[in-house]
Peer 1: 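After the structure tokens below, expect a handful of questions from me.
Note that the coordinates shown come from a computational prediction; the quantities given were computed from them, not determined experimentally.
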Amino acid sequence: MQIVTRRGGQIERIEHLGSAHSDAELALLVAAAREQLAGGQEALDLGALSVRPVRMGDTADWTRPVSSGADAAGADDDGLVPAAVAVPAAGGAGAGGRPLVDAGARVVATSSLVLWQVLVETYARLGFDVLGDEAFKAMVLARIVEPTSKADSLRVLAEIGAPTPSLSSLFRSLKRCKDTGREAGQDTGDATAGPQQTYRGRLARACAARSAAAGGLNALVMYDCTTLHFEVTDEDPGPEGLRKVGMSKEHRVDPQVQVGLLVDPSGFPLEVHLFEGNTAETTTLLPVLNTFQQRHGITGLVVVADAGMLSAGNLNAIEDAGFSFIVGSRITKAPYDLAEHFTRHGDYFTDGQILESTRAMGAGRHERTRRIVYQYRFKRAQRDNRVINAQIAKAERIAGGKAPVARTRFLKVTGATKELNQATIDRARQLAGLK
């Protein structure tokens, strides 16, 4: 089935809608084509017209020889019907001389059973059926199809032809999630509701089993956290409230929550935790690792995290728990770590060069010496220098009064005097290309 657009006898566009293999499929394609041609216009009630159902036999077939009569009109020199003809045009007369039209179809329901089957089988293959909660599964899979509210999830399920629970069943499922207990360290008054009995605990064990079977728990785990804000005015009341105003990476003042995620090297999730929105990033890593270790009894892995987790106390605790770590460090400390290199070689590095140093972290009996690894890349240095040049140009426009005063990296303001901060520029040039 195709829609052909002509202008002045010339074909401008051919849009393919699909192929039919039965009368029912053809009728659906005809209905879809007419709806697209009508452009959303409402159809008049033409009850006086005779209706003839469309049939596969009415369509052109280039493999069918032409016998005689009307069919021969469209035949080529070989006596074959050209394939350019699609569905017979409306017209002619029916019973009693009334106009005759080809009937389309009226779609009363649709279903995406293949989609639903794939989602259900994947859910089971991941081991999530261990929950035995059909309402919870329906809500999760509906939000994969279309992220929406709990109430609107019922519409999504109905549209794809999936089993649809009631809205009260969804709310009861969420209540079961809450009533089975929380993670370790959050007392609910139920001694039997440990971290293994929670929905989160069961799902985490299923995820770890799947990752281990795929070879994902043999070397590294990676951790990061982010914030999710809520467009509400008030924070959650009480000590158990999660939505709090805190440090926002988006510079928002809305209540938010901190989300900590631990994944394997392939990015498959192992642990997900929620923290109050005013929780510092550095304090989220250890609770997640401790719960992961208690849940699975796994040690000896390398934890990879970004600079937000860098604190002497965190690193000591990670080592004491039996883990190793690779943690991002802020590049501003490079001149002190690489003082010997800068003394001997200045700013010269070879492409791909690796440099190592050590740094004492912590104080007193908590002080430990850490290994610091730097890498230099020429392409990274080019990119860094382009950014530095753009920032210098912005600072010069502000210092020259050609742009309004704004916070920028290389601008130094002393009283009413605005000038470039050359010391900061020199340090940035020195560190270009290092990571």
Side-chain angles (χ1 to χ4, degrees), residues 139-140 143 147-150 174-175 177-189 193 195 198-201 203-204 207 221-263 267 269-295 303-321 323 325-333 361-363 366 370 406-409:
M139 183 165 47
V140 169
R143 290 190 171 187
T148 184
S149 66
K150 292 179 287 294
L174 294 177
K175 189 174 185 299
C177 294
K178 179 177 182 296
D179 290 348
T180 50
R182 296 189 178 186
E183 297 297 331
Q186 294 180 324
D187 186 16
T188 60
T198 64
Y199 272 35
R200 186 182 302 170
L203 294 175
C207 288
V221 291
M222 294 175 283
Y223 178 79
D224 200 2
C225 64
T226 188
T227 57
L228 299 176
H229 74 273
F230 298 83
E231 295 184 354
V232 296
T233 55
D234 299 327
E235 299 179 333
D236 288 339
E240 294 186 356
L242 286 173
R243 295 182 295 185
K244 304 286 185 182
V245 176
M247 176 63 184
S248 171
K249 296 179 180 179
E250 300 174 345
H251 307 290
R252 304 183 68 96
V253 294
D254 305 297
Q256 63 182 19
V257 295
Q258 286 272 10
V259 181
L261 180 65
L262 192 71
V263 302
L270 300 171
E271 294 276 342
V272 58
H273 289 251
L274 279 178
F275 300 92
E276 292 84 355
N278 55 3
T279 305
E281 285 189 4
T282 54
T283 63
T284 64
L285 175 59
L286 292 180
V288 175
L289 285 180
N290 290 336
T291 302
F292 178 75
Q293 189 176 41
Q294 293 172 16
R295 201 189 307 278
V303 180
V304 182
D306 64 12
M309 308 300 132
L310 185 63
S311 73
N314 267 4
L315 302 186
N316 292 349
I318 292 173
E319 285 182 327
D320 295 341
F323 295 96
F325 60 83
I326 300 173
V327 181
S329 176
R330 291 176 176 82
I331 198 67
T332 53
K333 295 184 180 294
M361 296 187 64
H366 300 292
R370 304 296 182 195
R407 185 177 181 180
T408 188
R409 183 179 180 185

Peer 1: Work out which heavy atom in Ala204 is nearest to a heavy atom in Arg295; give both atom names and the distance.
Peer 2: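 Scanning both residues completely, I find the closest heavy atoms to be CB-NE, 3.5 Å.
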Peer 1: Closest approach of Arg200 and Leu274, non-hydrogen atoms and distance?
Peer 2: NH1-N, 4.2 Å
Peer 1: Can you tell me how far apart CZ (Arg143) and OG (Ser149) are? Round to the nearest 0.5 Å.
Peer 2: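 Here the rounded value is 7.5 Å.
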Peer 1: At what distance, to the nearest 0.5 angstrom, does CG of Leu270 lie from OH of Tyr223?
Peer 2: 13.0 Å
Peer 1: Got a second to check how far Leu228's CG is from Arg243's CZ, nearest 0.5 Å?
Peer 2: 12.0 Å
Peer 1: Can you check whether Met247's main-chain N or O pairs, donor with acceptor, with Gln256's side chain at less than 3.5 Å?
Peer 2: yes
Peer 1: Do Asn314 side-chain atoms and Leu285 backbone N/O form a donor-acceptor pair below 3.5 Å?
Peer 2: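 Judged by distance alone, no pair lies under 3.5 Å.
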Peer 1: For the atom pair CG (Asp234) and CG (Asp254), what is the distance rounded to the nearest 0.5 Å?
Peer 2: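 Nearest 0.5 Å value for the CG-CG distance: 11.5 Å.
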Peer 1: Could you check if a side-chain atom of Leu262 sits within less than 4.5 angstrom of a side-chain atom of Leu289, using non-hydrogen atoms only?
Peer 2: yes
Peer 1: Just by distance, do the side chain of Gln258 and the backbone of Thr284 share a donor-acceptor pair under 3.5 Å?
Peer 2: no
Peer 1: Let's go through Met139 and Leu174 carefully: what are the C-alpha distance in whole Å and the side-chain angles of both, what is the deciding distance for side chain to side chain contact (heavy atoms under 4.5 Å, CB included) to 0.1 Å, and is it a yes or a no?
Peer 2: CA-CA 10 Å; Met139 183 165 47; Leu174 294 177; 3.6 Å; yes
Peer 1: Quick check: closest heavy atoms across Val245 and Asn278, and the distance to 0.1 Å?
Peer 2: O-CB, 3.5 Å
Peer 1: Going by heavy atoms in the side chains, are Phe275 and Val288 under 4.5 Å from each other?
Peer 2: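 Heavy-atom side-chain distance check passes, below 4.5 Å.
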Peer 1: In Å and rounded to the nearest 0.5 Å, what is the OG1 to CG distance from Thr198 to Leu203?
Peer 2: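 Answer for the OG1-CG pair, Thr198 versus Leu203, is 8.0 Å.
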Peer 1: Ignoring hydrogens, what is the shortest heavy-atom contact between Ala312 and Arg370? Give both atom names and the distance.
Peer 2: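 For Ala312 versus Arg370, the nearest heavy atoms are O-NH2, 4.4 Å.
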Peer 1: Any side-chain heavy atom of His273 within less than 4.5 Å of one from Phe292?
Peer 2: no
Peer 1: Please report the closest heavy-atom contact between Thr283 and Pro287, naming both atoms and the distance.
Peer 2: O-CD, 3.3 Å
Peer 1: For Gly260 versus Cys225, what's the shortest heavy-atom pair and its separation?
Peer 2: CA-CB, 3.9 Å
Peer 1: Hey, does the side chain of Asp306 reach the backbone of Gly328 with a donor-acceptor pair shorter than 3.5 angstrom?
Peer 2: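 Flag not set: sc Asp306 to bb Gly328 has no pair under 3.5 Å.
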Peer 1: Evaluate the side-chain proximity of Pro255 to Asp236: yes if any heavy-atom separation is below 4.5 Å, no if none is.
Peer 2: no
Peer 1: Determine whether Val221 and Glu271 make a side-chain contact, defined as any pair of heavy atoms from C-beta on separated by less than 4.5 Å.
Peer 2: no
